Peer 1: 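The structure follows.
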Amino acid sequence: MVILRAGLCPGLTAEMIQLLKANGIVTVVDLVSSDLEEVARKCSLSYKALVAVRRVLLAQFSAFPVNGADLYEELKSSTAILSTGSRSLDRLLDSGLYTGEVTELTGAPGSGKTQVCLSIAVSTSHDLKQNVLYVDSTGGFTASRLLQLAQTRTGDEEEQVSALQRIQVARVFDVYKMLDVLQELRCSVSQQVLSSLGPVKVLVVDSVSAVICPLLGGRQAEGLALMMQLARELKTLARELSMAVVVTNHVTRDGSSGHLKPALGRSWSFVPSTRVLLESREGTWGKASTCRIASLTKSSRQPTGIEVELDIGSCGVLEESPAASGEGC
Amino acid sequence: MQRDVGSFPLAPGLRAKLIGAGFQTVQELLEIGPCELSKEIGISKEEALETLQIVRRECNSNATKTAGDPEPVGKCTALELLAQEQAQGFIITFCSALDDILGGGVQLTKITEICGAPGVGKTQLCMQLAVDVQIPECFGGLAGEAVFIDTEGSFMVDRVVDIATACVQHCQLIAETHQEEDFQKSLETFSFESILSHIYYFRCHDYTELLAQVYLLPDFLSEHSKIRLVIVDGIAFPFRHDFEDLSLRTRLLNGLAQQLISIANAHKLAVVLTNQMTTRIGQSQSMLVPALGESWGHAATIRLIFHWDNKQRLATLYKSPSQKESTVSFHITVSIHFWGEDSGMEGGVYPKGSLQKICALRAGHTFGPLEHCVQDNTGVATFIQC
């Protein structure tokens with residue numbers, strides 16, 4: 001719904017706009033969808049001028065259809081698959097994180113979402129030598145743990161330092177600041193401002209529900225609008241800037257069945273293309289275990305219900321044998 | 001790239017009017033003046049002016065950030081954060097085992113939640129931490145002050161006096177063996193009166209007072225910049241009784257958690273919360289779980305659960321971003337009241353660098369990078385040099 005303004009297209013003058021507004025035509029959609037003969041008669045404007053204006057507006061504002069073959073070629077050349085650093089997680093995600101898509105990790109507190117995010121950040125920054133932006137909204141980001149994970153991958157200190165330098169961290173605790181950070185990222189990339197690092201390939205948002213949950217519910221729809229605003233920003237970043245976006249989400253207890261389900265409701269469930277649920281093994285408190293089970297709950301490429309085991313011990317998310325985790329790597 | 005009008009912190013009614021009038025992106029708003037805007041959407045001129053100011057301020061801050069320095073405010077690399085974290089201290093708990101599983105003590109800039117059944121020692125630990133945060137820097141502490149927000153009325157001043165006196169005695173013993181000037185100097189200001197005068201106590205009787213207190217905390221903190229610890233003893237109590245609307249409760253709690261973590265981050269302090277336990281009845285068994293529901297579990301960064309095992313108190317680290325899950329046992333005693341597995345000994349924990357050649361005496365302890373001094377029951381300090 002773009003408002004008609006003078007100079008929006010050649011042929012649209014200020015007097016024309018006043019006359020149109022007086023007859024209730026304010027936006028581009030109003031003009032393009034109305035019967036031009038009637039409008040010409042009511043506003044006493046020339047029919048030919050209106051048709052010319054409509055043609056230009058349609059060319060300017062309508063979407064351009066693309067055929068499937070072109071789309072496929074474009075996807076083949078622009079999509080990258082980034083390995084997460086863990087073979088079992090890669091198997092679950094159909095060989096890794098796809099750029100252009102949003103992947104979601106959900107789980108109960110202590111199930112390892114932050115650990116998997118840190119692990120993905122380190123493996124992208126060290127193995128793939130790409131830049132990562134980590135948006136932290138829960139305070140769970142610990143740089144010393146990141147160093148630990150980097151140290152298990154390489155013993156060379158310089159490499160560890162450069163791996164840590166490629167990870168940028170933004171700490172935001174409310175939704176407007178998060179939108180600010182994402183908007184800034186979009187601006188800096190689209191204006192091709194080269195920061196000292198270069199283009200960001202992976203965006204990790206930990207977590208999205210911490211900033212949205214205080215706004216949802218109640219009688220106001222503002223929370224839902226902001227959530228969708230955030231969803232749109234994330235999807236735009238993923239699609240247009242070819243980034244892989246990873247978000248984490250909380251779980252809530254379903255009122256009727258008592259099972260755990262991802263927070264933020266049905267509206268959010270359409271936003272990520274892939275959803276992974278992390279759970280710890282059934283056990284009592286006394287037994288501490290670093291084993292987690294990741295199951296695929298939504299995917300456009302794989303059958304759902306696949307489960308893999310992850311070990312979030314000191315080696316990070318690797319699927320090494322239990323002997324390695326026992327020693328604490 | 002245009003920024004959407006909906007992503008600015010405007011009032012919902014105003015936003016609805018703007019979108020209804022056809023304004024979608026920031027560009028359209030910036031081109032129009034306040035008088036035209038007020039005519040277009042039917043609001044007063046002052047409101048229109050305010051709206052335009054908010055929008056312009058956000059846009060300008062974005063523009064200066066992208067045009068000017070390459071790393072804008074709020075973002076930093078992981079390497080810089082690592083340097084910051086390593087320079088930060090911890091708040092020790094005077095129980096070496098507990099400090100070990102926490103990775104050195106209660107961490108700054110994070111929310112630590114302590115859950116437990118009644119009588120297991122949550123308030124005791126909070127009072128201990130309020131004293132420990134004030135230990136002078138030469139003894140390995142933070143030399144900070146503490147804010148204690150009490151909702152249950154369980155804060156006992158006499159107990160804090162006991163803890164403070166024991167702590168001062170402990171530091172005096174250290175200073176006596178290690179004849180160094182700065183130890184003596186800092187001891188002059190470290191007495192139990194000064195400890196008590198640096199604990200700021202607030203009593204909140206219901207959830208509205210608690211919310212108000214937390215939202216007013218940033219002003220208080222900017223006046224008292226030495227505060228390094230905020231304790232909320234009993235975050236569950238005001239939210240558990242007389243609350244009909246559960247979705248409102250979840251929203252308020254989540255908002256409270258975000259406010260607390262942003263305070264912790266902005267002022268570089270630690271937040272400690274205590275929570276109660278409730279019973280969850282499953283198919284075949286019932287278990288004790290922390291109160292306030294599943295969504296509250298995500299609020300705390302670090303979660304410690306205290307529980308009983310016959311007559312022994314156990315502490316389990318249930319959730320932490322950098323430490324493994326583990327369980328240790330602890331005791332509560334009269335003077336320095338928290339210590340680890342070996343009974344009958346008082347132990348203190350000081351980071352390396354402040355007391356170089358002091359090592360632990362008794363076997364059976366596993367010490368990480370921290371070294372200990374031990375005092376036996378007769379009050380004579382025994383130090384063994386490595």
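Quantities reported herein were computed from a predicted structural model and do not represent experimental measurements. First the proteins, then the strands, lettered A, B, ... as listed; each starts at 1.
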Peer 1: Specify the closest pair of heavy atoms between A:L216 and B:R251, including all atoms of both residues, with the distance to one decimal.
Peer 2: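 Shortest heavy-atom separation between A:L216 and B:R251 comes out as O-CD, 2.7 Å.
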Peer 1: What's the spacing between B:K110 NZ and A:T142 OG1 if we round to 0.5 Å?
Peer 2: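 Going from the NZ atom of B:K110 to the OG1 atom of A:T142 covers 4.0 Å.
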Peer 1: Kindly give the heavy-atom pair with the smallest separation between B:L81 and A:R171, and that separation in Å.
Peer 2: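 Between these two residues, the closest heavy atoms are CD2-NH1, 3.7 Å.
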Peer 1: Name, in order of residue number, those residues of residues 206-213 of chain A that have a heavy atom at a distance of less than 4.5 Å from a heavy atom in chain B; otherwise write 'none'.
Peer 2: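 Listed by number: A:A210, A:V211, A:C213.
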Peer 1: Step through the shown structure and confirm whether more than 12 heavy atoms of other residues, nucleotides or ligands are within 6.0 Å of CZ on B:R313.
Peer 2: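 Yes, enclosed.
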Peer 1: Taking side chain to side chain contact (heavy atoms under 4.5 Å, CB included) as the criterion, tell me which of B:P321, B:S320, B:S322 meets it with A:R145.
Peer 2: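 The side chain to side chain contact (heavy atoms under 4.5 Å, CB included) with A:R145 is passed solely by B:S322 among B:P321, B:S320, B:S322.
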Peer 1: If you count heavy-atom pairs within less than 4.5 Å of chain B, which of A:L230, A:V161, A:L226 leads?
Peer 2: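 Counting heavy-atom pairs under 4.5 Å, the top option is A:V161.
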Peer 1: Less than 4.5 Å to any heavy atom of chain B: does that hold for the side chain of A:F141, its backbone, both, or neither?
Peer 2: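 Both parts, heavy atoms under 4.5 Å.
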Peer 1: Keeping B:Q258 on the side-chain end and A:P214 on the backbone end, is there a donor-acceptor pair under 3.5 Å?
Peer 2: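 The answer is no, because no donor-acceptor pair under 3.5 Å joins these two groups.
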Peer 1: Looking only at heavy atoms, which two atoms of A:P109 and B:E294 are closest? And how far apart?
Peer 2: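 So the two residues come closest at CD-OE1, 4.0 Å.
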Peer 1: If you round to the nearest 0.5 Å, how far is CD of B:E80 from CG of A:L164?
Peer 2: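 Answer for the CG-CD pair, A:L164 versus B:E80, is 11.0 Å.
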Peer 1: Among the options B:T301, B:N265, B:L252, pick out the one with the most heavy-atom pairs lying under 4.5 Å from chain A.
Peer 2: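 Ranked by contacts with chain A, first place is B:N265.
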Peer 1: With a 4.5 angstrom heavy-atom cut-off, is it the side chain or the backbone of A:K177 that approaches chain B, or both, or neither?
Peer 2: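 Contact with chain B: none, neither part.
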Peer 1: Check each atom of A:L260 against the heavy atoms of chain B and say whether the ones under 4.5 Å are side chain, backbone, both or neither.
Peer 2: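 For A:L260, the contact with chain B is made by the side chain alone.
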Peer 1: Is the shortest heavy-atom distance from the side chain of B:K319 to the side chain of A:S111 under 4.5 Å?
Peer 2: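 Of all side-chain heavy-atom pairs linking A:S111 with B:K319, none is under 4.5 Å.
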Peer 1: Kindly determine whether B:I261 and A:T138 satisfy side chain to side chain contact (heavy atoms under 4.5 Å, CB included), including the steps that lead there.
Peer 2: CA-CA 7 Å; B:I261 188 75; A:T138 55; over 6 Å; no
Peer 1: Would the number of heavy atoms belonging to other residues, nucleotides or ligands and lying under 6.0 Å from CZ of A:R239 be above 12?
Peer 2: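 No, the 6.0 Å shell around CZ holds no more than 12 heavy atoms from other groups.
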Peer 1: Quick check for you: to the nearest 0.5 Å, what is the distance between A:H250 atom NE2 and B:N254 atom CG?
Peer 2: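 Going from NE2 on A:H250 over to CG on B:N254, the span is 7.5 Å.
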Peer 1: For chain B, find which of A:L146, A:T252, A:L147, A:T114 contributes the most heavy-atom pairs closer than 4.5 angstrom.
Peer 2: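 Highest number of heavy-atom pairs under 4.5 Å: A:L147.
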